[in-house]
Every structure is written in structure tokens, then in C-alpha cells.
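Numbered from 1 within each chain, the chains take letters A, B, ... in sequence-line order. Basis for what follows: all heavy atoms, side chains included, without hydrogens, waters or symmetry-related copies.
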4 protein chains.
Amino acid sequence: MDGRTRRRNDTRQRLYEAAVELIAEQGFSATTVDDIALRAKVAKGTVYYNFASKTALFEELLTHGIGLLTDEFRAAVEGLPPREAVAALVRTQLEYIRRYQAFAQLLLSEMWRTNREWQQTLVLLREQAISVIAETLKAGVKAGDLPADLDVRVASSALFGVGLVVAVDWLVFQPDRSIEEVEQSLLNVVRRAV
Amino acid sequence: MDGRTRRRNDTRQRLYEAAVELIAEQGFSATTVDDIALRAKVAKGTVYYNFASKTALFEELLTHGIGLLTDEFRAAVEGLPPREAVAALVRTQLEYIRRYQAFAQLLLSEMWRTNREWQQTLVLLREQAISVIAETLKAGVKAGDLPADLDVRVASSALFGVGLVVAVDWLVFQPDRSIEEVEQSLLNVVRRAV
Amino acid sequence: MDGRTRRRNDTRQRLYEAAVELIAEQGFSATTVDDIALRAKVAKGTVYYNFASKTALFEELLTHGIGLLTDEFRAAVEGLPPREAVAALVRTQLEYIRRYQAFAQLLLSEMWRTNREWQQTLVLLREQAISVIAETLKAGVKAGDLPADLDVRVASSALFGVGLVVAVDWLVFQPDRSIEEVEQSLLNVVRRAV
Amino acid sequence: MDGRTRRRNDTRQRLYEAAVELIAEQGFSATTVDDIALRAKVAKGTVYYNFASKTALFEELLTHGIGLLTDEFRAAVEGLPPREAVAALVRTQLEYIRRYQAFAQLLLSEMWRTNREWQQTLVLLREQAISVIAETLKAGVKAGDLPADLDVRVASSALFGVGLVVAVDWLVFQPDRSIEEVEQSLLNVVRRAV
DNA sequence: AATGAATGAGAGTTCATTCAT
DNA sequence: CATGAATGAACTCTCATTCAT
């Protein structure tokens, strides 16, 4: 990687971060390209030098963020027996949300919208992340470690949503409490529930 | 109420409904006043004759919607013993979300944002609704029906969020499943959890 | 005049007064029909019941106001010898401006504009008022009481303008000084000048 | 100054000129931003790229214009004995008004309004310009060249107003007469008056 | 690789005017 | 004679996007 490419990657990274934070706070529409450029400390034109459009920047950002989560999900369950794998998923999600709080907020706000340009992209990405959960649950049912009548589709979707909403709620409204407490409570509930 | 007042209230009601639906689908910023007027079948100026601004319309709408939920929560727990009261809250929330799906979607999208004009209003309203849950849980702990070590603040907040996200997820992504299933699963989980 | 007509005249008078004050303060365009109705304590529709349009209200108001001034000019010079007549005109103008301060401000603001709807009306009215001054000066020149080389057209126009600007300046920026002082200064200057 | 800065200053200058002319003709409220952009031959957005708001453009314009007049006043009286200095002020003002006719018209229309956003700015600027006149008169009184009982505050204010109204009246209603005549008449009157 | 002045379509808002009551 | 809810054209202002430098 030569100097130019490195510089460019730097700029792109700064733009990603600026965009995630701002969109988490205000939403996509309310965040202007001027805002993003200002926070990333580049000129407005630079945004368009690096991304085709505001929407493209957002979509790349979604893909990047959820791809990361999916990868971490995959790594977490690798080789674990079903019940431990479920616990690992919960821990991984919480950990991820703590690290990328703004991105999590953004997901929570956009995931259950309809009629947005990037809806299709988002649905696909969601599917991707949830499928790791679903596979884990399916394996558990097959192995007899989880109840045979567990509705895998509903359960994996709910697991994902619950983790997201509980963690973000904690970060936004009760930031004084330790994440371990939240993790413990969630794990307890999940263990009893499945 | 004279003819004029009735006409005006009609108009306001139509505007509420149009705005809720559109904002649920697209978010506040992406929804234009033209859109709202068009769907409510009034002229754009009429929106401004009835509300001071787009933001004011949204705030009145939030106040109205959450006020309704809070009232239903209050009515639901009236005179019930703790564990039944908790179940009643869950049922009420799901019922409410089913009836006012668009409003629920809107809440899910806006509730965990920060830095928006109406944030303060929203935090207050949230407090209002959640306080009914908190009181119910507190009474249950006091009566010995719920675990003595239950963290009421975390639990009520989580209960509210989980209901919201699971129900909306169901409405958006799995509308083919019956609400009773969802209710049953949620009740099971909640019962075990508390 | 029956009860109805009296009531109507009342309303019209109130609207006149409200409009004059507001237009003096803010100008014609910046004054809204809502403002006028509010200050006159009538409903907005009432303005349109009494006047064809905002512009018509303003034109009637100009005609009425300058007509009054012209009449007072005429009455003031009646039968006086030239030099006394000039003094009388100055005194009359000041007196008038003191009584109808808002209207005078309004005149000062609109009289030297160009390209406005009512420009033609205003020019005509101005001519009307100034012609009384011009006739007085002409008679003075003829009688040998005023310099033979006095440019009547320039002088009458200047006399009118100077009186207006000095008086309004006094009312707006030096309201603590007595009108007699202003009158005395003006009379001195005018006497020496002609 | 680089190319970009030069381009931008060009644009700002063109906008100043377009705005002055239009506001002089029609007044501030009746002049639209579209009008201004059209006459300056730039896009509407460019107005807002260069000025925060229509009001801000107007205020900058006022500051710029009266600053210029004040500077010329200062340069004109520099080193002159009192009576000559007064004559120089009159000549300077007339010359200025002839050069910037539209701005003078605008001043005449706005200076004696009340209750406008920029009123405070205008009062301050007026003070600035008039203070040069006042200082000149004060020096004359001190030197014994002007009557000891001259009310400096009233006189300087009147001098400013009279010059403005007479010159603008001449430009608007008697553009056929030469400026020298007007200057001569004004100088005569002023000389006798003080 | 980056910049920032300029653009114009489209957003929120205002307001003179109409009309059913 | 008077009202005030409703209207829509026209306004001020915003912002994603372009492009010459």
C-alpha cells in the first residue's frame, strides 16, 4: 500500500466514523454532507471524491458494520456446543454494541423502518447476521440441547432484537450501570427462555 | 361543539393519522409536509393553520400517542395481583402495538436517538409510560410475588423495550404469524424471567 | 346614519388606525392582514368585508390622510398675506405631523420609493398637497413679498420634504424636545431662505 | 488573493449592487431573494452561500454603505476651517447621493422606521455618520465661527436629514435640474441658517 | 487526492384571499 | 355585518451534487 492509498484509506475511515456518529444521533436524512465533512475535518468535495453519494456512503457503512458483526458471530460460535454457543452469541453482540455504540443505535433506528432506499440492502444484511444465530439454534434443536418445539425463525429474530434494544437502552438511559450486569441478566433470561 | 370546531378537529385528526403513517415508514426528516397534506387530503397551508410547525405536529402526536398507551397501562393493571398485572401489561402493550402499528414503529425508531429537538419531550413521555410498569414491579417485589433482588429500573425499561422490538419485528418481518403466538412466547419468557 | 352604518364606520376607523400604525412601524409589505385584524380587534375576514384588498385599504388610507393635510393647508393660508401664509403652512404641517405621527412616518418611508403599485396614486396626492404651497409661494412672488428669482417648483417641494423629515426625525430620535423649539428653528430657517 | 477568493468577492459585490437597487425601488420586504439573484445573475443558492440570510445581506449592505459615507465625510472636513467644513459636508453628501442614488433612497425609506430587525444597527450607523457633522459644528461654535446658541444635536441631525430628502426628491421628481442648482440652493440656505 | 464556490430542485413556512356559516 | 377555517401561490432557506482549480 503506497502513501496515496494509505492517505485515502485514512480519509475514508474518518468519513465512516463521522457519518456513523452523526446518523446515530440524528438519523440519515437529518445528517447533512456538510456535517459529515465538518466532523471528519475534510472539505465537502472530499466526501464526493471518496463516495459516489450520501446514500452510497451509508450503504457501504451498513455493509461494513454488519459484516463485522457477522464475522464476530461466526468466530464466537466456532466449535462450541449449542448452549454455550448461544451464550457466546449474546456476549459477542453486547461486546460489539459496546464497541460500536453509534452503529448499534443507527441499526435500532433504521432496521424496522420500511420504504427507505436502502431497505433491501438492510434486509439482506439482517438476514446474514441472523442466519448465524438461526444455524446455532437449529443445531441445538437437532442435538436435543434445545426444546424440539422451538420456533427457530422467531427465536433467532427475537434474540437479535432483544439484545440490540436492551443494550442500547442501557447505553443511552442507564450508562452508569456496568455491562456485566446487563450481560448477566440477559444470559439468565435467554437460558431460561430456550 | 359548533360546526367550525368540529370541522377543525376533523382536520387535525386526519393530519395526525397521515403524519404517523408516513413518519413510521420514512422517519421524521424524510417525511415532507407536502406528503402529509396530500395523504390527509388538505392543502399544505392547512397543516400550518392547525400546527405551528412540522416539529410541533410531531410533538403533539407523540404526546397524544404515548398518553393513550399510558392510560391503557393504568386501566390494565387496576386491581390485579402482581404477576397477573405483569401479564396484563404485556398483553396491553402488544394489543396497543397491533392497533397503532405505525406509531409503534415510529417510537422504536426515535426512542433511542439522541440530539433531536423533541428528545426532551420523548424522554419525559417514556418515563411516564415506564413508570406504570415500574410501579407494578415494585408492588410485586414488596408483596413477595417477584424476586427480592429484581432491579426494578432495569427490568421495567427492558420489559418495555423488548415488547416493542419483538412486536414490531413480528409485524414487519413475520406478519403471517398470529399475534397470539407472539404473546404466548413473550408471556412465557417474561414469567420465567421475573 | 343608522346603527349598522355607524358600526361599520367604527370598524373601518379601527382598521385605518391599526393599519397606519403598523405600516408606519414596519412598512406595507411587512405588515400582514392578520396583524391589522389583531390590532383592530376584529376577525381577519372583517378586513375583507370592509376593504377590497390590502392594497385598497392602503390606498384609501393614503387618500384620506393626504386629503386631510391638504384641507388643513388650504384653511391655514386662507386670506393671509404671503409671508404669514408661509409661516402658517409650516406650523400647520408640524401640527399635523404631531397629531398623525404614524401617518407622517409612513409618508416619509413611501414617498420617495419607485415601482410600487400605488406609486401613481401617491404622486398625485403629493402634487395635491404641494400645489397649495406652490400657489402660496407664487402669490408671494407676484406680490413682491418673496424674491423674484425664487424657483417655486423646487422651493415648494423642498419645503414639504424638509418639514416632514425634520419633524419625523424629531419625533423619532429626539422626542424629549418641545415642538415649539423645532417650529421656531424651522420658521427661522425658512424665513431667511425665502 | 487567490482565484477563488477573487471569484467570491466578485459575487458578493454583484449581490450588494443588485440588492441595493431593488430594495431602493421596492423596499426590503417586497424584494425577494429570487429578484436579487436574478439581477446579480447568480443562482438563488449562491445568495445563501455568501450571506447567512436576506436580513444579514441587508445589514452588511447598510454597514458598508454608511461606512463609505462616513469615510468621505471625514476626508472632506480634514483641515478645513469651520464654515468651509460645513459647506464641504453638504457637497460631499450630495455628491455621495448622486453616486449612490439607490442607497440614498433606501436610507430615506428605512431610517425613520421603527420596529424592524435591523433598527438597532441602523441607529448606530446613523450616529456614526452624524457624529462627523456634529464634531464639525461643535468646533465651529468653539471657534466663534458659528452662533454660540446653536443646538448642535438638533442641527447636525437636521442637516443630515435635509440633505438626504432634498437630494433624493430632486433625483426622483426633478431629475431634469442640474445638481449644481440644488447644491447652490442648499448651501445658501445652510449658510444663512447657521 | 482534495478543495470549496456555485448550483437548483425541493424543503418548510407565510400570507393575501375566499367562502361557508 | 362579521367570522375564522381553509387554500395555494409565493416566499425564505437548505442541501446533495457538480466542477474548475
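The CG atom of Leu38(D) sits 14 Å away from the C1' atom of dG8(E) (whole-angstrom rounding). One atom, CZ of Phe51(A), and another, C1' of dA2(E), lie 14 Å apart when rounded to the nearest Å. Distance CZ (Arg14(D)) to C1' (dT7(E)): 14 Å, rounded to an integer number of Å. Remark: P of dT7(E) and CG of Asp34(A) are 16 Å apart, rounded to the nearest angstrom. Atom-to-atom, OH of Tyr48(D) to C1' of dC13(F) comes out at 5 Å; the value is rounded to the nearest Å. One atom, CZ of Phe58(A), and another, P of dA16(F), lie 14 Å apart when rounded to the nearest Å. The CG atom of Leu15(A) sits 14 Å away from the P atom of dA1(E) (whole-angstrom rounding). The nearest whole Å value for the distance from the CZ atom in Arg6(B) to the P atom in dA20(E) is 18 Å.
In this structure, Val47(C) reaches neither bases nor backbone, as no heavy-atom distance under 4.0 Å exists between it and the strands shown. Asn50(D) comes within 4.0 angstrom of the backbone, heavy atoms only, and of no base. Nucleic acid contact for Lys54(D): sugar-phosphate only, since backbone atoms but no base atoms lie under 4.0 Å from a heavy atom of the residue. The residue Thr31(C) sits close only to the backbone: its heavy atoms come under 4.0 Å of sugar-phosphate atoms, none of a base.
Between the side chain of Lys44(A) and the base of dT3(E), no donor-acceptor pair under 3.5 Å is found.
Heavy atoms only, all atoms of each residue included: Glu25(B) and Arg116(A) are closest at O-CG, 4.0 Å.
Taking the charged nitrogens against the carboxylate oxygens, Glu110(B) and Arg113(B) do have a contact shorter than 4.0 Å, which makes a salt bridge.
Residue Arg4(D) has no polar side-chain atom (N or O) positioned under 4.0 Å from OP1 or OP2 of dA20(F). Contact check, Thr11(D) against dA6(E): a side-chain N or O comes under 4.0 Å of OP1 or OP2. Applying the 4.0 Å criterion to OP1 and OP2 of dC1(F), one finds that Tyr49(C) has a side-chain N or O inside that range. Contact annotation: Thr46(B) side-chain N/O to dT7(F) OP1/OP2 distance is under 4.0 Å. Between dA5(E) and Arg8(D), a contact under 4.0 Å exists linking OP1 or OP2 to a side-chain N or O.
Mapping Ser53(C) and Gly45(A) onto DNA chain E by nearest heavy atom places Gly45(A) closer to the 5' end of the strand. When each of Val42(B) and Thr55(A) is assigned the nucleotide of DNA chain F bearing its nearest heavy atom, the one mapping closer to the 5' terminus is Val42(B). Ranked by how close their nearest DNA chain E nucleotide is to the 5' end, Ala43(D) and Ala52(C) are led by Ala43(D).
Without hydrogens or angle criteria, Lys41(B) side chain to Arg14(B) main chain gives no donor-acceptor distance under 3.5 Å. Between the side chain of Lys54(D) and the backbone N or O of Val47(D), no donor-acceptor pair lies under 3.5 Å. A donor-acceptor pair is defined here as one N or O able to donate and one able to accept, closer than 3.5 Å; such a pair exists between the side chain of Gln105(B) and the backbone of Trp112(A).
Look at dA2(F): its Watson-Crick or wobble partner, with both distances under 3.5 angstrom, is dT21(E).
With distances taken from any side-chain atom of Thr32(A) to the nucleotides dA16(F), dT7(F), dC13(F), the minimum falls on dA16(F).
Between Ile66(B) atom CD1 and Leu125(B) atom CG the span is 4.5 Å, to the nearest 0.5 Å.
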